[in-house]
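Report on one structure; see the data block that follows.
Source: prediction; values computed, not measured.
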Amino acid sequence: MRISAVSRHFGKSSAAAFTLAEAMISVLVGSVMLTALYSSFTFGYGAVKLAREDLRATQILLQRMETLRLTSFAAIQNGTLTEYYDPTGSTNGSQGSVYTITIATNAPTSSDMPVQPVYYMKKMLKVTATATWTNGNQLRTRSLQTYASQGGIQSYVYNHK
């Protein structure tokens with residue numbers, strides 16, 4: 001008597017199945033989950049790429065500022081140059097970022113100096129280095145500023161002959 005009750009129970013449950021509406025909802029939920037997963041990976045890789053490019057722009061600007069420290073005051077001038085960075089290590093720059101570095105020199109103004117009077121302002125230059133590059137069809141910019149003086153560190157560290 002016990003065996004027939006068990007077989008009757010399995011017989012009824014094996015006839016049950018998912019309806020078309022349940023199957024379609026499960027496919028919809030699965031596709032939404034996969035789309036969200038793909039979007040999160042895409043966003044994550046894009047954020048890492050932007051952070052890498054921003055860090056590289058900062059490195060290039062710091063390199064230019066360190067070069068400026070060792071340049072004589074008379075040789076400091078405006079200019080534009082191009083730097084390439086490819087994270088895959090390729091030297092032709094075909095897949096990486098192209099950075100345009102602009103060096104601008106101006107005489108400092110009295111508003112640049114917080115403490116007045118500054119008697120040596122005529123012997124100083126305000127130097128601005130700006131890096132621009134394109135990331136995802138959007139122009140990005142980073143900038144650094146410093147001051148150079150006529151009697152700067154270059155005469156102590158590096159002897160220009």
Side-chain angles (χ1 to χ4, degrees), residues 1-71 75-115 124-148 152-153 157:
M1 181 180 235
R2 187 167 170 95
I3 295 174
S4 65
V6 172
S7 65
R8 240 187 303 156
H9 177 65
F10 281 128
K12 289 183 180 180
S13 67
S14 64
F18 291 112
T19 64
L20 180 62
E22 290 173 333
M24 294 305 289
I25 288 174
S26 65
V27 167
L28 177 69
V29 168
S31 64
V32 167
M33 288 173 48
L34 286 175
T35 303
L37 180 67
Y38 175 74
S39 298
S40 65
F41 276 115
T42 303
F43 177 78
Y45 286 129
V48 167
K49 182 181 179 201
L50 178 61
R52 181 182 290 149
E53 289 174 355
D54 186 32
L55 179 62
R56 180 61 183 146
T58 304
Q59 288 173 339
I60 292 169
L61 291 174
L62 285 174
Q63 178 185 9
R64 293 294 154 203
M65 289 298 178
E66 289 297 318
T67 303
L68 178 75
R69 275 181 10 132
L70 300 176
T71 303
I76 298 173
Q77 58 187 351
N78 296 334
T80 301
L81 57 112
T82 304
E83 292 268 348
Y84 300 96
Y85 175 67
D86 189 359
T88 62
S90 176
T91 57
N92 61 4
S94 62
Q95 295 180 352
S97 299
V98 179
Y99 296 92
T100 303
I101 310 300
T102 305
I103 307 290
T105 60
N106 300 321
T109 62
S110 58
S111 63
D112 292 329
M113 302 293 160
V115 178
M124 291 180 63
L125 284 176
K126 180 180 176 182
V127 182
T128 305
T130 305
T132 57
W133 73 99
T134 303
N135 177 293
N137 297 328
Q138 190 171 12
L139 187 66
R140 303 286 183 173
T141 303
R142 292 292 173 262
S143 183
L144 288 178
Q145 283 185 342
T146 191
Y147 294 95
I153 195 170
V157 176

Check the pair Arg52 / Leu55 against side chain to side chain contact (heavy atoms under 4.5 Å, CB included), numbers first and verdict last. CA-CA 5 Å; Arg52 181 182 290 149; Leu55 179 62; 5.9 Å; no
I'd like to know whether Arg64 forms a side chain to side chain contact (heavy atoms under 4.5 Å, CB included) with Glu83, so could you lay out the CA-CA distance, the side-chain angles of the two residues, the decisive distance to 0.1 Å, and finally the verdict. CA-CA 11 Å; Arg64 293 294 154 203; Glu83 292 268 348; 2.7 Å; yes
Tell me, with the steps shown, if Leu28 and Ser31 meet side chain to side chain contact (heavy atoms under 4.5 Å, CB included). CA-CA 5 Å; Leu28 177 69; Ser31 64; 4.3 Å; yes
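Listed here is the closest heavy atom pair of Ile103 and Ala129: CD1-CB, 3.7 Å.
For the pairing with Lys126, the side-chain hydrogen bond (donor to acceptor under 3.5 Å, both in side chains) check across Thr105, Thr146, Asn106, Asp112 returns one residue only, Asp112.
Put simply, CG on Asn78 and OG1 on Thr102 are 9.5 Å apart, with the number rounded to the nearest 0.5 Å. Considering NZ of Lys49 and OG of Ser97, their distance stands at 5.5 Å, rounded to 0.5 Å. The distance from the CG atom of Leu61 to the CD1 atom of Ile101 is 5.0 Å, given to the nearest 0.5 Å.
Sorted by first and then second residue, the side-chain hydrogen bond (donor to acceptor under 3.5 Å, both in side chains) pairs involving residues 133-142 (not counting sequence neighbours) are Glu53-Trp133, Glu53-Asn135, Asp54-Arg142, Gln138-Arg140.
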